[in-house]
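One structure is given below, encoded as C-alpha cells.
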Amino acid sequence: MKQQQLEALVIASIDRARAGNPIEDDRIEFKREWPDPTKARQLAGFANRANGNYVVYIVGASESGAVFALDATDPADWWAKLSSKFDGVAPDLMHHINVPTGAGESVAALLFGTDRAPYVVNAGGGGSPEREVPMRDGTRTRSARRDELLRMLVPQSSVPPALLLGSSFTAEWYPEASAREEFPNQDARPAFCSLSGTALIFLEHTAASGVMLPFHAMEASLETRDRAIPLKVRLSPQKQGESPPDFGVHARRDGVIATGPGQFPIGLSANDLGSEERDFLEGVENWTVRMKFGVIGAPRSVQVDGALSRDREFVPFQGAMQVQLARWKLSPIRIVTP
C-alpha cells in the first residue's frame, strides 16, 4: 500500500466514524494516544489475525472520529521499545505518515505488514509461560488455538493492494414518459433519477501465483455522512478473439484475473432512484465511493475507497428525455510526511 492509499483510507475511516457508522474493516484500529510498549501483545494478536494482510493504527483519534493532540513522542523511539517485546520478529512498520483531518487537526497513521506471522511475544516476568502467540478475537486478545496456528502456516492466496486511479459520477433526471404511437414497444414510465459512473482500479499484484477477483463477489456504494446508495457493478471483458496478457490484469465475464500488476475499469450505476431524489442529488457536494472485491482462496477482500467532490466546471445537458443534475470526480490527495 502506498502512502497515498494509506491517507485516503485514514480520511475515509475518520469520516465514517464521525458519521456514526461502524468501521467495516477489522484491520483498522483507533488509538487516542501512542500505545504503551506493554501493548505489544495486542499488536501481535492484531497482526496474527490479519495473517499476511496489512493492519493500520490511527493514533490520535477515537472510535467516534474525535481527534486529539499527540504528545512529543518520537515514533522511531516508540517503535523500538514496543518491537523489543516480540520474540525475534515483529510486524513490519511499513509507513508512518501524518494525515490532516481538517481544521488544523492531524493524526498519525501507522501501516504494518504481517506477512511473517505467526508473531510471538515475550511474556516477561520470568514466569511460565515465557512466550505466547496472541490472537485477536473481537475486542479481546487471547492465546491462539492450534487450528489457528496451522492456518497461519498454510499458504493462502494473497490479497493485492489496490489504488483508485480515477472515478467520476453523473446524476441524471428522466421526466415522466408516456407511450407513443411511433414507438409501440415503449411503455409509459414515471419520472426517475439515476447515478452512473466509472472507476479505474490499479492492482499491485506481485505474488508468484495469480489471483482471481470473481464478479459475483464485487460490491460498491456511494455514501454521504447520512446516506448510502448501493451500486451495480459492470465489468468490461476483453473483446472476443483477444488474447489475455501473459503478465498483468485482464477482465472476463466472470471476474478479473491478475498475474501481475495492472489496471482494470468498472462501470457503476444506480438506475432505480425515485424522482423525489432529485433535490437530494442536486445538493450533494461530496461522496465517498466504496468498492469491495472478493479474492478466490483468500480470507479477505480488496477494499478501495475514494473521495469525490462536485465538478464545478461541469456544464449540465438538458434535453427533452433527460436532464443532467451534477457530476462528481475523484478529489486529489495530498501527502504529508513527518
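Heads up: numbering here begins at 1 and tracks the sequence. Since this is a predicted model, take the numbers as computed values, not measurements.
Under the 3.5 Å distance criterion, the side-chain polar atoms of Trp78 are matched with a main-chain donor or acceptor of Pro35. Panel note: side chain Trp328, backbone Val284; a donor-acceptor pair is recorded below 3.5 Å. A donor-acceptor pair under 3.5 Å is absent between the side-chain atoms of Ser221 and the main chain of Ile229, judged by distance alone.
For the pair Pro261 and Val249, the tightest heavy-atom approach, listed with the atom from each and the gap, is C-CG2, 4.1 Å. The two residues Met212 and Asp254 make their nearest non-hydrogen contact at CE-O, 3.3 Å.
Atom OG1 of Thr101 is separated from atom CZ of Arg18 by 5.0 Å, given to the nearest 0.5 angstrom.
With hydrogens and angles left out, the side-chain atoms of Thr288 and Glu223 include no donor and acceptor closer than 3.5 Å.
Residues Trp79 and Val56 do not share a hydrophobic cluster, clusters being chains of Ile/Leu/Val/Met/Phe/Trp/Tyr side chains in contact below 4.5 Å.
Comment: Arg310 does not engage Glu282 in a salt bridge, judged by the lack of any side-chain N to carboxylate O separation of less than 4.0 angstrom. A salt bridge does not link Lys39 with Glu29: every distance from a Lys NZ or Arg NE/NH1/NH2 to an Asp or Glu carboxylate oxygen is 4.0 Å or more. Checked for salt-bridge contact, Arg49 and Glu148 meet the test: a charged N lies under 4.0 Å from a carboxylate O.
No close placement of the Tyr119 and Phe112 rings is indicated, their centers lying 6.0 Å or farther apart.
Across Asp92, Leu9, Thr114, a single residue satisfies side chain to side chain contact (heavy atoms under 4.5 Å, CB included) together with Tyr54, and that is Leu9.
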